[in-house]
A.B. asks: 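Have a look at the structure that comes next, please.
Order of the sequence lines sets the chain letters (A, B, ...), proteins ahead of strands, with each chain counted from 1. This structure is a prediction, so every number in the text was calculated from the model and none was measured.
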Amino acid sequence: MAGQVTQNMSLRQKLRRAERRKKIGAIGLITPLFLVMLIFYFIPIGIMLYRSVDNSEMSEILPHTAKAIQSWSGKGLPDESVYAAIVADMKKAYPDRTLARVGRRLNFDKVGFYSLLLKSGRKVAKLQGPPYKDALIKIDKKWGDHTYWTVLKRGLQNTTWLYLLASLDLRYDDNNRIVKVPDEQAIYLAILGRTIYISASVTILCLLIGFPIAYFMATTSTRTRNILMILLLLVFWTSLLVRTLSWIVVLQNKGVVNSILMSLGLISKPLELVFNRIGVYIAMTHVLLPFMVLPLYSVMRGVPPSYVRAARSLGATPIVAFFKVYVPQTRAGIGAGSLMVFIQALGYYITPALVGGPKDQMLSYFVAFFVNERVNWSMASALGVLLLVLTGSFYLLFGRRVNVANIKLG
Amino acid sequence: MTPPDNSRRKKPMNSEPFHVRFKNVQKSYDGLTLVVKDLNLDIGKGEFVTMLGPSGSGKTTCLMMLAGFESATHGEIVLNGRPINNIPPHKRGIGMVFQNYALFPHMTVAENLSFPLAVRKMPKDKISQKVGQALEMVQMGEFGDRYPAQLSGGQQQRIALARALVFDPELVLMDEPLGALDKQLREQMQFEIKHIHQQLGVTMVYVTHDQSEALTMSDRIAVFNDGIIQQLASPDDLYERPENRFVAQFIGENNELGGTVDAIDGDIARVTLDNGDKVSALAVNIEGAGARTMLSIRPERVIIDPDESRVPQAIGGLVKELIYLGDHIRCRMTVAGNDEFIVKVPNAPGNRRLKVGEKIRIGWITEDCRALDAA
C-alpha cells in the first residue's frame, strides 16, 4: 500500500512537472489582459466606487475639530475645546480656500452649512483668544444649535454613507436616524424605476424586431445573410453620437418622417416623435438591436431545420411548430440577447440625453450631471454604485438561467 | 450479407391499390438541373421499400417530396389515391424518422411522444395510454421522464421510431435513421425496425446509402443514381440479376471485364475481351453485335480450375495477392488486363491453396456472367 502511495505521489509530481511548461505558457498569454483589466478597469472602478463613501478630505481640512469632536457625546453642545479646535481649523482653512469644500459637503447633509462656515471663517480671523464658544455663537447662533454639531460630527468621519443613502432617497434626520427624504425631494428611486422601465421596454422592442431578423438571417441563403450581417454591423461603424443625432434629423417636427406623413395627408400636424419617450425608445432600440440579433442568430443557426419538419410531420401546423418547437430551442439566444440589451440599456446616457425630454433621463444622466455640473463626485459615485448593483443583480438573477456561455456575437 | 428470407416477402399485386404513387415526378432546385428526373414508383400497402443510392442521387429529395417538405417541380404524388402535391405536411399524416432523430430537446421522452397526439387534440388519458404502449413497443418503458440528451444514440433512435408510429400513421418514412449508430447497434436496429414493420403492417419508405441495410430490410429496393431509378427489384434480384453496370457495381462486390460483343445468340452474347480472349455471357443490357460491353461477375461465382466440360469458357489469370479471411481466401488477380479482379475461394476441403505469382485458369457458368452496358 505504502509503495503504491509513493508511486502515485511521484506520478502526480511527474504530471505536474510535465504540465508546468504548459501552465507557464498559459499564464504568459493571459497576463497582459489581466494587467490591462486591472489597471484600466478594476482599479479605476474601485476608486470610483470608493469615492461614494470616502470622506477623508474633511478630517484633513479640519484636523483639530475631527479629533476634538470625538469626545462629544452628541447630547447638548460640545465643550469649549471643540469650539477652540474649529476656530483654529477655520483660521487656517479659510485663507487656504479649502473651507468652501467642507462647506459644500456639509451643505449636502444640512442646508445652511455652507454659508455658516464661510461667514464664520471670514470672521474668526478677528477673534482674540478663548473662550471661543460664546464668540462663535455670537457670530452665528447656529453654532449653538446641536443639530449642526451632529451633522459636523457625522461629516468628519472618514467614511460616509450620506451619498449612498441619498441615492436611495434616504437621509439622516436631526437625531442621526436614517429616514426617507420628503416626497418632494425624492427623485432617485423614481429615476431608478424609470431606468429599469425604459431598459425593459427597449429589450422587449429589440426582441420583437430582432427575432424575425435573426430568423430570416439564419434561414436565408449565404449571400443574403452576408448582406444582412453587413447592414447590421454597419451600425457599429458609425459613432453612437452620429447615429443618435441622425434620429433627431429623421424624427423632429420638420424631419423626414413627419414630412412624408404630412405630404401623404395622413396627419395634419407633426407627430411628437423626438425629445420624448418615443424618441428614446426608437433610438435606443436601433442602437441596441444588433446585440439582440447576433446572439439570437448564432443560436438559431444551430437549430437544425429537421426539428420544425419533425413537428410538421407529426401533425403540427406551422404556427404550433414554430411556438412549441422552434422558439423554445432559441431560448438561450433570447435570454442572452435580452440580458445584453437590458444591461447595456441600464447604463445608457448619450441617447436619452439627446433624444429624450427631461422626464426620460436615466440614471447615467444624473451621474454625469453630478460630475459635470455639481462637481459632486461622491454623489456621482453613489449613483454609479447603485447602477452597478442594479446591473450586477440582474446579471446574477438571469445570467445563470441564460447560461452566459451562449453570449457570443458571431 | 445475409440473403433475405424470400418466403415472407409480400410482393405488391396489381389488383391491390397502391399506397403511394410517384407519377412522372421531377424536381429542380435551381431551374437548370433536375435532381429527380421523371420518377415513377408505385409502393404497395404494407410494403417496405428502400430508396438506395449514393449521396446526391435524389433519394432524399424524393422522400422529402413525399413528406411534403419539398414540392415537386413536375408530376404527381398520389397517396391513397389522392394527389397530395398541395397538401401541407401536417395534414398528410405521414410518420417520419429523421437522420439525426430530431427529438425535441426541450421535451422529455414522454412529451416528445405526446406531441403528435396532443396536436390532434386527443384526450389526456388516451394520450398517456398510447405513449405507454409506444414506449413498450420499443422497449423503452422506463425512459419516459428522461430528456433526449440523457439517452444514448440507440435509445434516441428507438424514441424517434416510437414517436413516428405513436399516432398510427399508415405510412412511415425514414431518412437514413441508422446512419449515426455503430455497426453492431445498426444491425440490431435493422431487425427491430423490420419486426415492427411486420407487426404493424405499415407501409415504410426507407432511405439509405448503405446497401447491406437495404438488402436486409426491404421488400423492394429502388436503386437511385443521377436522379433516376436505375433498378427497382427485390434484394435477391438486385444482387443476382443487376440490369445495368451501375447497379452491378453499387450492390455488392463486382468484377468487370471490358469487351466487344461479337454476336448475340438468343440469351447468350459472345464477347471478345480486350485482351482477345473469347467468352460467352448472359445478354442483359447490350445494344447488339459490335457494341462495347462490360461483363459483370460476382467474386463468389468465379470457378478456379474449372471442369472445362461443364464450364464452357475458361481464361487465364495471374494471382497477384492473397488475403486470408478465415472462411474464405480473397484472391486478387489479373484477368484480361483487369488487375483488380477478385475471386473468393471458399476455405473448403479439396480446394487447392493458391500461390502469389501462380498462373491459373478461371471460368464461370454463363448465366453468372452478365453482359451490361459499358457506359
A.B. asks: What part of B:Leu117 is in contact with chain A, defined as an atom under 4.5 angstrom from a non-hydrogen atom: side chain, backbone, both or neither?
C.D. replies: neither
A.B. asks: Inspect the surroundings of CD1 in A:Ile30 and state if more than 12 heavy atoms from other residues, nucleotides or ligands are less than 6.0 Å away.
C.D. replies: no
A.B. asks: Sort B:Phe69 into side chain, backbone, both or neither according to what part of it lies under 4.5 angstrom from a heavy atom of chain A.
C.D. replies: both
A.B. asks: Is A:Leu396 atom CG crowded by more than 12 heavy atoms from other residues, nucleotides or ligands, each under 6.0 Å away?
C.D. replies: yes
A.B. asks: Hey, is CZ on A:Phe34 packed in by over 12 heavy atoms from elsewhere, all under 6.0 Å?
C.D. replies: no
A.B. asks: Which residues satisfy the ring pair (Phe, Tyr, Trp, His ring centres under 6.0 Å) test with A:Phe394, sequence neighbours excluded?
C.D. replies: A:Phe342
A.B. asks: Can you list the donor-acceptor atom pairs spanning chain A and chain B that come in under 3.5 angstrom?
C.D. replies:
unit_1, atom_1, unit_2, atom_2, d
A:Arg312, NH2, B:His90, ND1, 3.0
A:Leu314, O, B:Arg120, NH1, 2.6
A:Lys324, O, B:His106, NE2, 2.8

A.B. asks: Which one wins on heavy-atom pair count under 4.5 Å against chain A: B:Ala67, B:Pro88, B:Pro105?
C.D. replies: B:Pro105
A.B. asks: Please find the pair of heavy atoms, one from A:Leu314 and one from B:Val119, that lie closest to each other, and give the distance.
C.D. replies: O-CG2, 3.7 Å
A.B. asks: At a 4.5 Å cut-off on heavy atoms, which part of A:Val325 comes close to chain B: side chain, backbone, both, or neither?
C.D. replies: both
A.B. asks: Testing the basics here: between B:Phe104 and A:Ala310, what is the closest heavy-atom pair and its distance to 0.1 Å?
C.D. replies: CE2-CB, 4.1 Å
